[in-house]
Amino acid sequence: MAEFMNVGKVVNTHGIRGELKIMPLTDFPEVRFAQNAELFLFTPDNHPVPVTVESARLHKNMYIVRLKEYGNINEVEKFKGGIAKVSKENLAELEEGEYYFHQIVGCAVITEEGESIGTISEILTPGANDVWVVKTPAGKEVLIPVIDDVVLDVDVEQKQVKIHLMEGLL
């Protein structure tokens, strides 16, 4: 079974010609909703349907997407409340030093001295920089700011992150 990554939430239909209003959940909406882009629309009951983007336009922070396979509102009603996804093999290439959330969650965190801190359990995006939530072996949560002064090395192959333990982090 292929693995999928979320790229948008279908919030509603738009007009009578089968267009969908999709709230982007990706850093690459211009790629994901480009003409001829291939997506999987998951209905609210989690049934995947492969589709191809015919056209898309940005309107009030949402993408109005027309699909090649559907031409009227009655055919796309079933997607309301669903999720637009791409297969994991279809992910965009990232610049060096950039990572997908799914690559970071689950990584072991160690200090530059080699001391184990715990495992990254989730990623918060409060504003200026991301914050990694690290669960310690004792069950405590430690918040690690994702800034150059703290994060020294990220090895997604080894699932390990090396940090500089600044005063006050623990």
Side-chain angles (χ1 to χ4, degrees), residues 1-11 20-42 44 46 48 50-53 56-63 65 81-170:
M1 175 79 182
E3 287 188 68
F4 295 97
M5 305 305 291
N6 295 350
V7 295
K9 172 143 180 65
V10 180
V11 295
L20 294 170
K21 264 189 188 178
I22 300 179
M23 179 177 59
L25 302 173
T26 175
D27 287 339
F28 310 104
E30 65 285 344
V31 174
R32 297 298 168 212
F33 305 119
Q35 186 173 11
N36 296 321
E38 294 179 4
L39 299 172
F40 288 86
L41 290 182
F42 281 69
N46 218 24
V51 295
T52 306
V53 175
R57 64 188 184 282
L58 187 61
H59 178 69
K60 296 183 182 178
N61 297 326
M62 302 264 189
Y63 277 82
V65 179
I83 301 287
K85 299 185 181 199
V86 293
S87 65
K88 225 174 190 176
E89 298 82 46
N90 202 5
L91 293 177
E93 289 294 316
L94 297 178
E95 303 275 324
E96 181 148 346
E98 293 182 344
Y99 313 96
Y100 285 106
F101 281 17
H102 73 271
Q103 293 175 305
I104 298 298
V105 173
C107 285
V109 178
I110 60 169
T111 65
E112 54 196 328
E113 292 81 29
E115 179 188 346
S116 177
I117 302 294
T119 305
I120 298 172
S121 61
E122 70 176 299
I123 300 173
L124 307 175
T125 54
N129 55 274
D130 290 349
V131 176
W132 293 337
V133 179
V134 178
K135 190 161 286 265
T136 66
K140 183 179 161 196
E141 288 187 342
V142 178
L143 302 178
I144 305 293
V146 183
I147 55 176
D148 291 340
D149 291 345
V150 174
V151 178
L152 302 176
D153 182 52
V154 176
D155 186 344
V156 292
E157 299 297 319
Q158 298 294 317
K159 296 293 278 176
Q160 183 171 292
V161 174
K162 188 181 290 184
I163 65 166
H164 169 69
L165 203 53
M166 294 176 76
E167 193 174 324
L169 271 184
L170 292 182

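Everything numeric here is computed off the predicted structure, so don't read it as measured data.
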ask   = Stepwise, does the side-chain contact (heavy atoms from CB on, under 4.5 Å) test hold for His164 with Val150?
value = CA-CA 5 Å; His164 169 69; Val150 174; 5.6 Å; no
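Nearest heavy-atom pair across Asn61 and Pro24 is O-CD, 3.6 Å. The minimum heavy-atom distance linking Val151 with Pro145 is given by the pair CG2-O, 4.0 Å. Between Asn46 and Pro48, the closest heavy-atom pair is O-CD, 3.5 Å. The two residues Pro137 and Gly118 have their closest heavy-atom pair at CD-CA, 4.3 Å.
Taken from OH in Tyr63 to CG in Leu58, the straight-line distance is 4.5 Å, to the nearest 0.5 Å. With rounding to the nearest 0.5 angstrom, the CG atom of Leu152 is 9.5 Å from the OG1 atom of Thr111. To the nearest 0.5 angstrom, Leu20 atom CG is 6.5 Å from Leu41 atom CG. Atom NZ in Lys9 sits 4.5 Å away from atom CD1 in Ile83 (nearest 0.5 Å). Atom CE of Met62 sits about 13.5 Å away from atom CZ of Arg57, to the nearest 0.5 Å. Going from atom CG of Leu143 over to atom CD of Glu122 covers 9.0 Å, rounded to the nearest 0.5 Å.
Residue pairs meeting the ring-ring contact (aromatic ring centres under 6.0 Å, His included) criterion with at least one member in residues 93-113, sequence neighbours excluded, are Tyr100-His102. Listed by first and then second residue, the salt bridge (charged side-chain N to carboxylate O under 4.0 Å, His left out) pairs involving residues 137-159 are Lys135-Glu141 (not counting sequence neighbours). Counting only residues at least two apart or on different chains, no salt bridge (charged side-chain N to carboxylate O under 4.0 Å, His left out) pair has a member in residues 105-118.
Within a 6.0 Å sphere centred on NZ of Lys21, heavy atoms belonging to other residues, nucleotides or ligands number 12 at most.
The closest side-chain heavy-atom distance from Val109 to Trp132 is not below 4.5 Å. At a threshold of 4.5 Å between non-hydrogen side-chain atoms, the residues Phe33 and Leu39 count as touching. Considering only heavy atoms from C-beta on, Val154 stays 4.5 Å or farther from Cys107 through its side chain. Side chains of Ile120 and Val134 form a contact here, defined as non-hydrogen atoms less than 4.5 Å apart.
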